[in-house]
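Take a look at the structure below.
This one's a predicted model, so the numbers in the text were calculated from it and none came from an experiment. These values consider heavy atoms only, across backbone and side chains, with no hydrogens, waters or symmetry-generated copies.
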Amino acid sequence: MNSNRNRHDVVIVGGRAAGAATAMLLARLGHDVVVVDQASFPSDTISTHSIARSGVVQLQRWGLLDQVLDSGAPAIRQVTFHALGESVSRTIKHKAGVGLVVSPRRYVLDTILATAATRAGADVRHGVTVTGVQRDRRGRVVGVYGHDRIGAPIELDARFVVGADGLRSRVAHSVGAAIKEARPAGGAIQYAYYGGIPWDGMEFFVAERSFSGVFPTHHGQACIWVCTPSADARTVRRRTGSRVEAFGELLENSAPQLAERLRHARRASPVRGMLRQPNQVRQAFGPGWALVGDAGYHRDAITAHGISDAFRDAELLAVAVDRALGAGVEGTTALALYQRQRDQALREIFEITCRLAAFPAVPAFIELQKQLSAANDKEATAVAARPVPGERLLATG
């Protein structure tokens, strides 16, 4: 048994956007943090990887935005909406301290975050699969167990265990985290990467029962995506011979002018996506454990807010766990506050997301997009006003 009986402050299961950010912040606050992830980095994951203004504000506050831009992720300063036969382009305004958005590939972004966590002092271990949690006699979670990539058993003890292991979280399952709220999961998203033609900025195409777009990313490529009702995506998939053909038909129906441009481009990836996207909020904490990122809250990708949500909640959780560790108590009060703050922070955009994922008529869809833009700006302003956890260590690092 490969055991670690030195009890850590925190073990985080999942080392991507939510988990690595939580680890980085807790390590900057001086805590003993271990992060485990079954993947090896750099590696990709299903994601359209657009980061809203509030997420870009987080990267800047944490001292990581320049690294993301230096990695080759283009600074996106223009957004174009195509709807009802018109196209409107706007420059992204400078608000909450930033005047751009970014869409970095996940194998780049997640590696930057994991490296930042390591530099802050966290012990980041890849190739580790967690299969369950350990409990004490009272039922409190006190660690995790699993195995490494060659099958050797591993145990890790901790005062707190954080599940940041995604929608199908093993931690959430092991602790019995209840789904507090579930909305219809009727939306699908499919995407692929294209290169070989220029991208002027971010683009959105609104049509009946579909929403598609362009997110410029690394290597001169763009993530081309299309959101539709799940039923429509399944119908087209059954009718066509492959995912590629289905994607092409959906895109032709949603944005024929974009489909025409892509005939001069080169598809650089398979078509990926999800045919059923849950909209759900889980219980966020219990005795000795907490959830962050998609493990605790998942929403349809139609608002492209997953990474920004993960960053926001990582900071809220890091502050709560820091308080619990500093107080030397089990942390029920601190983690209960985290859940209340998370639930309050997610509410407006979650409601907009669910309404957009129902694909109302185009005029109503456009109005919801305007509400989303205002909500994004409001969230970014709120994030920018908060003190940065571990800011003194960041300044001297």
Polar side-chain atom of E203 near backbone of H82 as donor-acceptor pair, under 3.5 Å: no
Can you tell me how the ring of F215 sits relative to the ring of F204, calling it parallel under 30°, perpendicular over 60° and tilted otherwise? perpendicular
Can a donor-acceptor pair be found between the side chains of E379 and S54 at a distance below 3.5 Å? yes
Measuring from atom CZ of R237 to atom OG of S230, what distance do you get when rounded to the nearest 0.5 angstrom? 14.5 Å
Is the number of heavy atoms from other residues, nucleotides or ligands under 6.0 Å of R135 CZ greater than 12? yes
Any chance the rings of F211 and F365 have centres within less than 6.0 Å? yes
Is a side-chain donor or acceptor of D322 paired with a backbone partner of A318 at a separation under 3.5 angstrom? no
Decide, yes or no, whether a salt bridge links R140 with D136 under the criterion of side-chain N to carboxylate O below 4.0 Å. no
Is a salt bridge present between R347 and E351, judged by a nitrogen-to-oxygen distance below 4.0 Å? yes
Tell me if a side-chain donor or acceptor on T115 pairs with a main-chain N or O of T111 at a distance below 3.5 Å. yes
Going from CZ on R323 to CG on L29, what distance comes out if it is rounded to the nearest 0.5 angstrom? 10.5 Å
I'd like to know if the side chain of T353 pairs up with that of T303 as donor and acceptor (distance under 3.5 Å, no hydrogens or angles considered). yes
Would you compute the distance between atom CG of L65 and atom CD of Q60 and round it to the nearest 0.5 angstrom? 6.0 Å
So, R61 side chain and R386 main chain: donor-acceptor pair closer than 3.5 Å or not? yes
Are the side chain of H218 and the backbone N or O of A73 linked by a donor-acceptor pair below 3.5 Å? yes
Under the 3.5 angstrom rule, does the side chain of R267 hit a backbone N or O of S269 as a donor-acceptor pair? yes
Answer yes when R125 and D37 have at least one side-chain N-carboxylate O distance shorter than 4.0 Å, and no when they do not. no
Run the numbers on D157 and Q134 for side chain to side chain donor-acceptor pair (under 3.5 Å), then give the verdict. CA-CA 8 Å; D157 298 340; Q134 302 177 101; 3.3 Å; yes
Using only atom types and a distance under 3.5 Å, with no angle test, would you say the side chain of H298 pairs donor to acceptor with the backbone of P278? yes
Looking only at atom types and distance, does a side-chain atom of S254 sit under 3.5 Å from a main-chain N or O of L251, one as donor and one as acceptor? no
The test is side chain to side chain donor-acceptor pair (under 3.5 Å); show your working for R16 and S43 and say whether it passes. CA-CA 10 Å; R16 293 194 179 273; S43 60; 2.7 Å; yes
Would you say the side-chain atoms of S40 pair up with the backbone N or O of G127, donor to acceptor, closer than 3.5 Å? no
Would you call R340 and D343 a salt bridge, taking side-chain N to carboxylate O under 4.0 Å as the test? no
A quick test of your reading: do over 12 heavy atoms of other residues, nucleotides or ligands sit less than 6.0 Å from CZ of R90? no
Within the side chain of H126, is there an N or O that forms a donor-acceptor pair under 3.5 Å with the backbone of A39? no
In this structure, which one of V171, V128, L291 forms a side chain to side chain contact (heavy atoms under 4.5 Å, CB included) with V13? V171
In this structure, which one of T381, D377, N376 forms a side chain to side chain donor-acceptor pair (under 3.5 Å) with R53? D377
Does F350 have its ring centroid less than 6.0 Å away from the ring centroid of Y297? yes
